[in-house]
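Basis for what follows: all heavy atoms, side chains included, without hydrogens, waters or symmetry-related copies. Chain letters run A, B, ... following the sequence lines, proteins first, then strands; residues in each count from 1.
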Amino acid sequence: MSEDTMIGAVMVIGGGISGMQAALDIADSGFFVYLVEKTGAIGGAMPQYNKVFPTNDCSMCIIAPKLVECGRHANISIMTLSEVIDISGRAGDFHVRVSEQPRYVDINKCIACGQCSAQCPKSVDDSFNSYIAKRKAIFIKYPQAVPLKYQIDPAACLRLKDPDSCGICADICPPGAIDFDHQPQKHEIQVGAVVMALGFQTFDPGKAKVWGYGVYPNVITSLQFERYLAPNGPTDGVLARPSDGKPVKKIAFLQCIGSRDKNHCNNEYCSAVCCMYAIKEAVMVKEANPELDVSIFYIDMRTPGKEFDRYYERARSEYGVKFIRSRIHGVEPKGGKGDLRLHYSSVQGKQVEEIVDLVVLSVGLETPDSMVKLAEKIGIHMTPDRFASISAFMPVHTSKKGIFTCGAFNGPRDIPQSVIGGSAAAASAVALLTSVRNTRTRPIAPPAERDVRLQSPKIGVFICHCGTNIAGVIDVSEVAAFAATLPQVVHVERNLFTCAQDTQDLMIQQIKNLGLNRIVVAACTPRTHEPLFRKTLKSAGINEYLFEMANIRNQNAWVHSQDPEAATRKAKDLIRMAVVKVTSLTALKPLRIPITPSALIIGGGVTGMTAALNLAKQGYQIHLLEKTSQLGGNALHLFQTWNGEHVPRYLMGLQEEVNNTPNIEISYNTTVTAVTGHVGDFTTTIRSGTSRKRTIQHGVAIITTGAKRYIPEEYEYGKIPKVVASIEFDKLHMHNETRVANGKSFVFIQCVGSRNQERPYCSKSCCTHSIQSAIKLKKEVPSRQIYILYREIRTYGQRERIYSQARELGIIFINYELHGPPKISREDTGVLVEVWDHVLHRPLEIKADMVILASATLASPEAVELANLFKLPLNADGFFQEAHAKLRPVEFNVDGVFVAGLAHYPKPLEESISQALAAAAKAGRLLARKEIALEPNTALVDPVLCDGCGLCIDTCPYRAISLVEYLDEAGTPLKTVAIDQVLCKGCGICQGTCPKRGVTIAGFTYDQIEAQIDAALMDALPTEVTP
Amino acid sequence: MIYEIKVNELAEEFGVHRNTIRNWINSGALPAQEGPGRRYLIQWEDYKQLCDRYGREPRISPEPSARTETIQARKEAPALAPVRLGPKTNPLYTLPTLADTCLTCGSCAGACPISGVDDLDPRKIIRMAFLGLDEELLASDWPWKCTMCGKCEIACPMNVEILQLIQRIRSRRDRDKIPPPIQKGVVTCLEKGNNLGIPKDDFLALLKELGKDLAATACPGFVTPVDVRGARLLVTINSKEPFVEPDNLTWWWKIFHAAGESWTIPSENWEGVNWGLHSGDYSAIRTVVKRIIDNIERLNCKALLLPECGHAYYATRYALERWFPESLQQFKIYTVFDLLLEYLNEGRITLNPSLHAKLTTFHDSCNYGRKSLKTFGHGYFDEARTITRTCCKNYVELIPTEEENYCCGAGGGSWASPFSAERVFHGRIKARQISESGAKVVITSCHNCKDQLGKSLNREFNLDIEVQFLWELVANSLVTTGGQTP
């Protein structure tokens, strides 16, 4: 395709978290995005969840800013109630037919007042609430929905079925938005690329009768359980037995419902997320009620992700969640009062009967049939497990060029993997369409800023209910009445969700109509929500820094939920403090600096090379650093991906492509020795071999430094030559060395160096790796005896297929978790392995010709220094700690630096590649901006008060302060400090250090903070202290 | 250490009836002394032994850490010599679906009603086969205490064919080590044409006599049709009926009479019961079925009815499909359900719906139910209920039911086998199901089920129920042309 005929627009199908992420990254990189969503609002599954693991963040709260961002993005067009019928054309120029179902509500007129819904006489089961509550025939999907526009459910509406009946909503709708004559519409859209983020549905356990779902009311799905726990759910977060509303005392979670099962359904794969979400749900209820008896019944506890095993361990030891390794065959009623009977065989093989009053089915993920059909129609290949067929080397590419895919449609996965996939798909689409960047976008120009310097403060206070998160504890109406009495406050308003898109629009209106010039939002934390509100102020034409948040949720309603009165008092204090501060705030101008259009990528493994190639295709200059003399990293030791693709061949192609790409400059034997600068303008000093140091200018950096392997100290490694580590074994196997060639009996030992006290994490890829080696050995010589000694088999997702294959081939799996690790000794010319069987509880002896240790993946020791140079955090295991485990999986709080691959956490190749692309997407999105606005909340020197003592210089963690000597008018030599506004992060340490009040932070001046303290102590002052 | 127990508490713990606990105490299976206030005193060790025998976690333990100690103690126990794993020679099975694909998830062990008996369960059986402990498996009685009900298989997420494995184990056992009554039945049947060795003359005389009685009472003009050439339907007989309960035969006869059926009983090799299925003797299964085919061909019949038992139908159908597929083209094989429903639908019989007022339930035989579903693609659930509910308006289902129903505890030859304590233990769940349903009449379609429910569980668990065959219910509900029930 000739480049000039390519179209600079992309269609993203599916408005869940993965699709939203793709849409945002693509739109911010200079392309127009059509975001096609099947239901009436974007958001996908995340808004249904209560909290997310392992951070325990409120799910709605962390997704809300993204919803709003999509909703108001000038270059994202959200198409709701729409489905793609067909895609024709080719990469760069696709023709997409979209069918849009009628909403029956004019989206331009609806003001979401809700009167229609209040009056609508027809109630039906609400799918958003997983059918545990009702909604009306005219409804919004959920309170924070984007777009926040009502819709009529044609299957439920009385009027649409019978034109002579009802029609109340049309009669009462204030703006007259109801239109029963809406017709389905067809749209024909031209785009250059398509991203399929089709998502998943949960397995319907009613299909198999054994679990009693749909028969016994106290058997519910995990999604229903989320809705029970959610403060914004139909029960306001109160958990009670569905049958009789009595308090729940004993809960059983049943794992693998609709997963790893070819009997009750056709889902042989592992759904990959259920173990973690069940633990999270268990922890949530235990947190709320420690007396509850909570058990999780499972086959293998699959918690291979970052921080997952720690979470699992904490659930067990701190929260007292019981973990029982036994799959429950069925649920039966006990008596007629709603109790449920579980009969199972314990891990010791004993028969146990338990009576519980709530059973939660951890339902698996599957691709809806309609999505499979769409995929077939478009002509993209699917796996036998009915997910998009993707290569591990191209983890977001479908079988059709120009059509990308991400999220759970690529196989069951959790939120971070979906977010990474969304960004990775974005990077791939952007690389494809680089030549037509900014050809279809609409410029984004905020309105002119109103000068408020001479105006007296007119403060608007917006108090958020956060559903019941805040309003459930704090008396918000009392707080609002109080806020209205505060000086300079001219407007007070309460919102169900202040972060919802309609509230943002309303806020803009209020600012304009009432002439507000300072805003206080009393809600949650500025960490997640401040950028959102600042953007709103900007859109309303006032300076975004004339804004203050009072955190009455995280720091108040959540922690003082037991004492509502005190919490209400504290809310008043917090708001008074915020009002006082906002009064004295001044408009600040961000510092705009140009971005150097190049990236430094540290680490020349597959991850680094992938990121380099993508960014190079996006048109940027790349400096790729490799500490050895060869590109390839850990992948040099790999032979195949989990689904059998040949790694060396791929690696060779990748190396060649990197070598032949003109805008990638590779430095071998190179390490980083110093880093200065900041996002958009870094200067990094490197040293190659013994040559002299040199510096590189770059706008962004991606850390892909990989990991190293653990050298075992256990199992006679290094003492018995027939005991080898898995990577060594692969080499021996490849060369068919005599130990392998003549071997008749092989024993693999899993978790060597992983999941122990010293390294309480899972190395994630070893189960898959050992099983692959075992399969290969067995296929070569079927008479070989092969044993895998394990603790949990973690072949998550579609990898389960190779575990099944291994068992079919007769490979023997023995679990040593209960009876302890195997013992290794020499016997004759072989190795004697002693281990206990987990089913028979008897000692076993295996004479092995080789013992293969699946050794752990360790953080690279160089990470520590690199982290210091770039001021990045590491986690307890030495891996780089991303900004947010869920939604910012490749970013740091230090802008302009990204991480991907093993440097982040052990992971298999396709996840590294996916993450590399995601990091490239983030880096590219930044570089596409050409210039960057830096936070103006930086330190300012008062030349009168500063005497140049220099105390602040050493305390500054960003080396932003330097000593300046100058002569005053009289010619006296004087000293003071100068602060580099670009380097300064506004942390305030200098301000705290300075004994002379010679330095202040804009937005946090002495006056402002003191005013806040005075406001905080206002009520406390009269209290007399008795000596 | 001595503990005070109450019979009802212990009964609840083991899921059995109070009577069963008293039986254990009286028979010495559970050594106990009478104590004050209707309590018994037992040694903890005896209690522990009882727990071990039924594979239960002791609810009472001397100290909280006893659980881990059990494991520890077992580790140190000298009896547990290590098992040396290695290549299997002449393994019990070759297909990986019989054991290799097992996930060891425990579903089967949780579903099986006799899990824990002899410290074994389906998962352990599969594991032993998988690890090659064939000799131990063949020596174990567990596969014979198993009723091959298939509850384990429907629980298995990996579709491991556990029943086939049990069948293999049974097949491999030395014939002289098979529970004697079963092996005797097989041998007698092969030698004499029926399991009990009833001589031809006695049999024919009995049929004639019964026919006469029937003609004199309910069915005027009735003559027992023996060896009627060209009859449409060949009917086999369970040798236990002429031997023990000859009158039971006439229920079917009344129905045939009412329906105007053209039918016949062969004079020789009339046994439909096929205990080769229980003993794992495939050659015996085949021989018995071949004899039935021969009878059909000899008498030129068009259809076959095996009225005796779930397993007879299962074994015959299985053998026909496996070894005589051409015969299935020549004649139709009826289940009791097919035939009764055909009579009803064609209006050949009419049933009185108002004779049975008591709360009634239907117990699905494993062979007609889930095993037929799995092997032949159809389980006889709806048919059974349609017929039962035509006669009994006051109907209740057992929970769980149909495919997930629990076995009565007497299948797979258990009724005839010597393991009666285990059989009753197995039946405790069935008894609980019936008692929780409140049903006073249980209808079933299998001799073993009827005997176990009516003669054993009813007494052991004080169920106070009446158990009827489906055809017994139908025969007793028949409305004759005069509008009278015979």
Side-chain angles (χ1 to χ4, degrees), chain A residues 209-210 212 215 256 259-264 268 298-300 325-330 332-336 342-353 744-745 783 785 787 793 803-804 807-813 815 818-820 834 836-847, chain B residues 13 15 51-52 54-58 67 70-71 74-75 80-88 96-97 100-113 115-116 119-121 123-124 126-128 130-131 133 151-159 399-404 429 433 436:
Chain A
K209 289 181 281 181
V210 286
V215 182
C256 294
S259 308
R260 303 180 74 186
D261 190 339
K262 54 183 180 185
N263 181 354
H264 305 97
E268 283 186 58
Y298 67 98
I299 305 175
D300 292 287
R325 191 190 292 273
S326 187
R327 184 177 170 279
I328 297 294
H329 74 93
E332 290 164 20
K334 151 91 179 170
L342 307 175
H343 187 262
Y344 64 93
S345 188
S346 73
V347 70
Q348 288 91 358
K350 295 291 172 197
Q351 299 302 304
V352 189
E353 189 169 278
K744 292 188 177 67
S745 167
S783 65
Q785 295 287 301
Y787 305 85
I793 290 295
Y803 181 30
S804 295
R807 296 197 315 278
E808 253 162 59
L809 289 169
I811 291 163
I812 296 170
F813 290 84
N815 186 317
L818 178 68
H819 295 291
E834 293 169 273
W836 276 61
D837 188 68
H838 64 290
V839 177
L840 302 177
H841 307 287
R842 288 162 64 165
L844 305 174
E845 287 180 356
I846 304 160
K847 188 175 173 185
Chain B
E13 182 180 344
C51 289
D52 284 349
Y54 289 102
R56 301 193 71 84
E57 197 68 59
R67 241 170 113 133
T70 329
I71 298 284
R74 228 187 289 160
K75 268 191 177 175
L80 284 175
V83 177
R84 175 85 38 157
L85 301 183
K88 291 184 245 180
T97 50
D100 296 3
T101 53
C102 172
L103 265 177
T104 69
C105 70
S107 302
C108 53
C112 170
S115 271
D119 206 20
L120 288 172
D121 58 51
R123 173 167 58 172
K124 287 185 176 169
I126 296 167
R127 191 72 179 172
M128 286 164 77
F130 182 47
L131 296 181
L133 305 177
K151 183 80 180 163
C152 50
E153 270 191 1
I154 59 150
C156 176
M158 289 295 118
N159 291 335
I399 302 172
T401 185
E402 301 191 355
E403 213 183 332
E404 276 89 35
I429 300 182
Q433 272 190 296
E436 281 176 358

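Between A/Gln785 and B/Leu85 the shortest side-chain heavy-atom distance does not fall below 4.5 Å.
Atom NZ of A/Lys744 has 12 or fewer neighbouring heavy atoms from other residues, nucleotides or ligands inside a 6.0 Å radius.
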Apply the test side chain to side chain contact (heavy atoms under 4.5 Å, CB included) to residues B/Leu103 and A/Arg807: give CA-CA distance (whole Å), side-chain angles for both, the deciding distance (0.1 Å), then the verdict.
CA-CA 8 Å; B/Leu103 265 177; A/Arg807 296 197 315 278; 3.5 Å; yes
Go through A/Arg842 and B/Leu133 one step at a time and tell me if the side chain to side chain contact (heavy atoms under 4.5 Å, CB included) criterion holds.
CA-CA 12 Å; A/Arg842 288 162 64 165; B/Leu133 305 177; 4.1 Å; yes
Assess the residue pair A/His329 and B/Lys151 against the criterion (side chain to side chain contact (heavy atoms under 4.5 Å, CB included)); give the C-alpha distance rounded to whole Å, side-chain angles, the decisive distance to 0.1 Å, and a yes or no.
CA-CA 10 Å; A/His329 74 93; B/Lys151 183 80 180 163; 4.2 Å; yes
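The most heavy-atom pairs under 4.5 Å with chain B, out of A/Val352, A/Asp837, A/Leu809, A/Val215, come from A/Asp837. Most heavy-atom pairs under 4.5 Å with chain B, from the set A/Ile812, A/Asn815, A/Ile328: that is A/Ile812. The greatest number of non-hydrogen atom pairs below 4.5 Å with chain B, out of A/Pro333, A/Ser345, A/Ser745, A/Ser783, is found for A/Ser345.
The line from CZ of A/Arg260 to SG of B/Cys105 is 8.5 Å long, rounded to the nearest 0.5 Å. Summarising the geometry, atom NZ belonging to B/Lys124 is positioned 5.5 Å from atom NE2 belonging to A/His841; distances are rounded to the nearest 0.5 Å. The line from CG of B/Asp119 to NZ of A/Lys350 is 4.5 Å long, rounded to the nearest 0.5 Å.
The contact between B/Cys102 and chain A is made entirely by backbone atoms, counting heavy-atom distances below 4.5 Å. Neither the backbone nor the side chain of B/Ile126 comes within contact range of chain A; no heavy atoms are under 4.5 Å apart. Residue contact with chain A, scored on non-hydrogen atoms closer than 4.5 Å, is absent for B/Glu403.
For A/Tyr344, the side-chain hydrogen bond (donor to acceptor under 3.5 Å, both in side chains) criterion is met by A/Glu354, not counting sequence neighbours. With sequence neighbours left out, B/Thr104 forms a side-chain hydrogen bond (donor to acceptor under 3.5 Å, both in side chains) with A/His838.
A donor-acceptor pair is defined here as one N or O able to donate and one able to accept, closer than 3.5 Å; such a pair exists between the side chain of A/Arg327 and the backbone of B/Ala155.
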